[in-house]
Protein chains: 2
Amino acid sequence: MPPRKPASVNIKDVARHAGVSLGSASRVVNNVANVGEETRAKVLAAIEALGYRPNHAAQSLRSRSTRTIGCLVTDVANPLYAQLFRALEERFLAEGYLLLLANGLNDPDREIALLNLFRLRGMDGVVIAPGNERHAGVLKAVAALEMPAVVLDRDLASRHDKVQFDHAAGMKAAVAYLAGLGHRRIALVQSQSSNRPMRRRAEGLRAACRSHGLAFDDRWLVQLPSSTSSAYDAVAALLAAPDRPTALLVQGTSILVETLNAVSAAGLSMPRDLSLMSIGDPDFAVHHAPPLTALRVDLHAVADRTAERLLARLGGETAEAVSLRVPSELIERGSCGPAP
Amino acid sequence: MPPRKPASVNIKDVARHAGVSLGSASRVVNNVANVGEETRAKVLAAIEALGYRPNHAAQSLRSRSTRTIGCLVTDVANPLYAQLFRALEERFLAEGYLLLLANGLNDPDREIALLNLFRLRGMDGVVIAPGNERHAGVLKAVAALEMPAVVLDRDLASRHDKVQFDHAAGMKAAVAYLAGLGHRRIALVQSQSSNRPMRRRAEGLRAACRSHGLAFDDRWLVQLPSSTSSAYDAVAALLAAPDRPTALLVQGTSILVETLNAVSAAGLSMPRDLSLMSIGDPDFAVHHAPPLTALRVDLHAVADRTAERLLARLGGETAEAVSLRVPSELIERGSCGPAP
DNA sequence: TTGAAAGCGCTAACAT
DNA sequence: ATGTTAGCGCTTTCAA
């Protein structure tokens, strides 16, 4: 009747070997109180002798807990999500949870399928950052999640806890810093995708400029149509204009590298002729000549907040959903200086 | 007796609602043959009406299969592993497998713990690239893996299938290409870590130079002690020497960016004064000015081979372990030219 | 503190 | 083609 004979030693074997009951063996395995010293020792010895390892599927079935967290991100190949995953792994591994990772790739159908799979697989909790925060199907799939969930950096309407990155405030700090250095023409270079963080930053920039009494020319919002298009050309054009911006905010690793390239090809020296601030803090920023000033979110803080929320819910907390906001930090290095 | 009352609808409910036996319901759920048209329809209707979803833990317990693959990589924050994970996800998702991801971080104890967790959690298969290929404990943990496993780009002694990147052959092709352009002084810039890929490339370079009758000066093997040290300074020093290399092989995204920086600071123009080849093909390589010639492994090919191996084993293949080698490809773009 | 026993929800062997 | 049934390995209630 069994599909295969696994010949695997189970808790019954342990109990028999130890000469105690099944229940006692289980109590020892699960570190439950009210176990006699002698009984515990015998069971432990049997476990050791037999090389017993609990069957996770059986534990899950009985205890209704998989000790697994599902993570749905847009794309791990994006360093931001990769680093975030690492930080999350740190927190959850320490609590005995393993992480399932899936890439939504901005495809709503895929995201829906993945979300449903997480449900089917009985994840104890999920951390999700769906690319399609307005898609009805995605919203429905998110709403259907019956386990604790934390929504990361997305605006989607749901009853779950949220951890947001403070994009607008970050842009405000960046503009304040640059305005303080005398800059009055500030450009933003980013890729053209309509997800929340991008939009928020563009909006944040406009608002911040306004509140500092700076004009904002639409030519200074460079949104690159697709990942195949060249930031190099766009930035070169931007810098060739007579009233070129004196400060550049640049988002995305590839775009940053191409921008740096265009700046040096234009014969401009940082921070003398041009100030540049990276949005996001890639590894090489600190080693660049000059080191690049960067605006970033503290991903460890994000992971901490996220884990704290999810763990609290897992622990049975039933309070109303909260929305946390993790501030951006401005890392002053050498690529920004007084406006020329 | 149950921990909580889940009030969840189970297959028994489905069978009752459909007026058929438990077995028939199960057969429909699992798409097993020998099910009458009418029975199937009734069960499907009941599933729909009740909103039935199979309990994965129970399925796993009974069928002894979790339909989950464990992936142990060194660090997803390394774009190579991130892209590899994505490619693997594509293959395995299509077969109904979900992926557990864990970062070994070059910590042997951590890797051992993770490997054991994969075992405990009953992964159907694993894909592993342990950082510590010589560590006795890691070797033991790998040997203890009773499920199908594929070892990625590591030299460790094990009875499992392996998929290797052909580092030595890649370096040979790179040197042949460069030698053909007249270069006789070729340098390699990489980080100093003793894992297999790094070593293999350095060894491969030496061997390739030898076979092309090129001298190899140890000063041209630039191994940067730690990720905090600056490639910029090292490359600047390299380029300042009177007999400086005429071609640079550069490995690692950060190191590449810093190197590019040092090259342009030295007033050298590519490919006229200096040829540069990237080992690994970051997004921006194609947009750089000039576009960067790159040596890379085809990660989709790696994922295909890996998935093919694992799926075959999962399907019951018992043939002896194989060791596959995925070749490197040389992408000619604009950063290499005739030696000055 | 310990033992006995009842299932968790499901699959697959067996019988019909 | 369908129904019946025996567990998979475990946790937890209940009784002692």
Side-chain angles (χ1 to χ4, degrees), chain A residues 1-44 46-47 50-67 96 119-122 124, chain B residues 1-44 46-47 50-67 96 119-122 124:
Chain A
M1 184 158 325
R4 280 180 275 159
K5 182 82 263 189
S8 127
V9 11
N10 59 28
I11 200 168
K12 219 165 144 185
D13 300 325
V14 171
R16 191 173 334 113
H17 186 103
V20 301
S21 77
L22 204 86
S24 292
S26 174
R27 280 182 275 260
V28 172
V29 169
N30 294 293
N31 271 311
V32 176
N34 294 337
V35 179
E37 217 28 75
E38 197 189 349
T39 306
R40 153 161 278 112
K42 282 193 293 189
V43 173
L44 257 17
I47 288 174
L50 267 36
Y52 166 73
R53 289 174 309 136
N55 179 310
H56 185 74
Q59 289 181 315
S60 292
L61 174 56
R62 194 53 237 248
S63 65
R64 306 198 155 291
S65 158
T66 56
R67 298 210 71 87
R119 232 149 56 89
L120 226 46
R121 294 299 193 95
D124 284 354
Chain B
M1 188 160 320
R4 280 180 275 160
K5 181 82 268 192
S8 129
V9 9
N10 60 28
I11 200 169
K12 222 165 145 185
D13 300 325
V14 171
R16 191 173 334 113
H17 185 104
V20 302
S21 76
L22 216 124
S24 292
S26 174
R27 279 181 278 260
V28 172
V29 170
N30 295 294
N31 271 313
V32 175
N34 295 338
V35 180
E37 218 27 77
E38 196 189 351
T39 305
R40 153 162 277 111
K42 282 193 294 187
V43 173
L44 256 17
I47 287 174
L50 268 35
Y52 167 74
R53 289 173 309 135
N55 178 310
H56 184 74
Q59 289 182 315
S60 292
L61 174 57
R62 192 56 235 243
S63 66
R64 306 196 154 289
S65 158
T66 56
R67 297 210 73 85
R119 231 148 56 91
L120 227 44
R121 295 298 193 95
D124 284 354

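Hydrogens, waters and symmetry mates play no part in the numbers below; they use all other heavy atoms, side chains included. Below, chain A is the first sequence line, B the second, and so on; all start at residue 1.
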Would one find a side-chain N or O of [X] under 4.0 angstrom from OP1 or OP2 of [N]?
| X | N | answer |
| --- | --- | --- |
| N10(B) | dG9(C) | yes |
| N30(B) | dT11(C) | yes |
| S26(B) | dT11(C) | yes |
| Q59(B) | dG9(C) | no |
| T39(A) | dT2(C) | yes |

Considering all heavy atoms, the nearest [X]-[Y] contact:
| X | Y | value |
| --- | --- | --- |
| H56(B) | L120(A) | CB-O, 3.4 Å |
| A25(A) | V20(A) | N-CG2, 4.3 Å |
| R67(B) | R121(A) | O-NH2, 2.7 Å |
| L61(A) | L61(B) | CD2-CD2, 3.4 Å |
| V9(B) | Y52(B) | O-CD1, 3.4 Å |
| S21(B) | R27(B) | OG-NH2, 4.4 Å |

Protein-nucleotide distance ([X], atom [atom1]; [N], atom [atom2]), rounded to Å:
| X | N | atom1 | atom2 | result |
| --- | --- | --- | --- | --- |
| L120(B) | dC10(D) | CG | C1' | 14 Å |
| Y52(B) | dG9(C) | OH | C1' | 7 Å |
| K12(B) | dT11(C) | NZ | P | 15 Å |
| R121(A) | dG9(C) | CZ | P | 19 Å |
| N55(A) | dG9(C) | CG | P | 17 Å |
| I11(B) | dT5(D) | CD1 | C1' | 15 Å |
| L61(B) | dG9(C) | CG | P | 12 Å |
| R67(B) | dT11(C) | CZ | C1' | 15 Å |

> Hey, does V35(A) reach any base, or is it just sugar-phosphate, or nothing, if we go heavy atoms under 4.0 Å?
Replying inline: sugar-phosphate
> Reckon V29(A) touches a base, only the sugar-phosphate, or nothing at all at heavy-atom distances under 4.0 Å?
Replying inline: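 Contact class for V29(A): none.
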>> Donor-acceptor check, side chain of N30(A) to backbone of V32(A), threshold 3.5 angstrom: yes or no?
In response: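 A pair under 3.5 Å: no.
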>> Looking at S60(A) and S65(A), would you say the former's side chain and the latter's main chain have a donor-acceptor pair under 3.5 Å?
In response: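 Side chain of S60(A) to backbone of S65(A), a donor-acceptor pair under 3.5 Å: yes, one is there.
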> Near DNA chain C, under 4.0 Å by heavy atom, which residues of residues 14-23 of chain B?
Replying inline: L22(B), G23(B)
>> Return the OG to CD distance between S26(A) and Q59(A), rounded to the nearest 0.5 Å.
In response: 8.5 Å
> Got a second to check how far D13(A)'s CG is from L22(A)'s CG, nearest 0.5 Å?
Replying inline: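 If I round to the nearest 0.5 Å, the distance is 10.0 Å.
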Residue [X], side-chain atoms from C-beta onward, closest of [options]:
| X | options | result |
| --- | --- | --- |
| S24(B) | dG3(D), dA1(D), dC10(D) | dG3(D) |
| R62(A) | dT2(C), dG9(C), dG9(D) | dG9(D) |
| N34(B) | dA1(D), dT2(C), dT11(D) | dA1(D) |

>> Is it the case that the base of dG3(D) and the side chain of R27(B) share a donor-acceptor contact (distance under 3.5 Å, atom types as modelled)?
In response: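 Checked by distance alone, the answer is yes.
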>> Roughly what angle, to 10°, lies between the helix axis at the start of the helix from dT1(C)-dA16(D) to dT16(C)-dA1(D) and the one at its end, five pairs per end?
In response: 30°
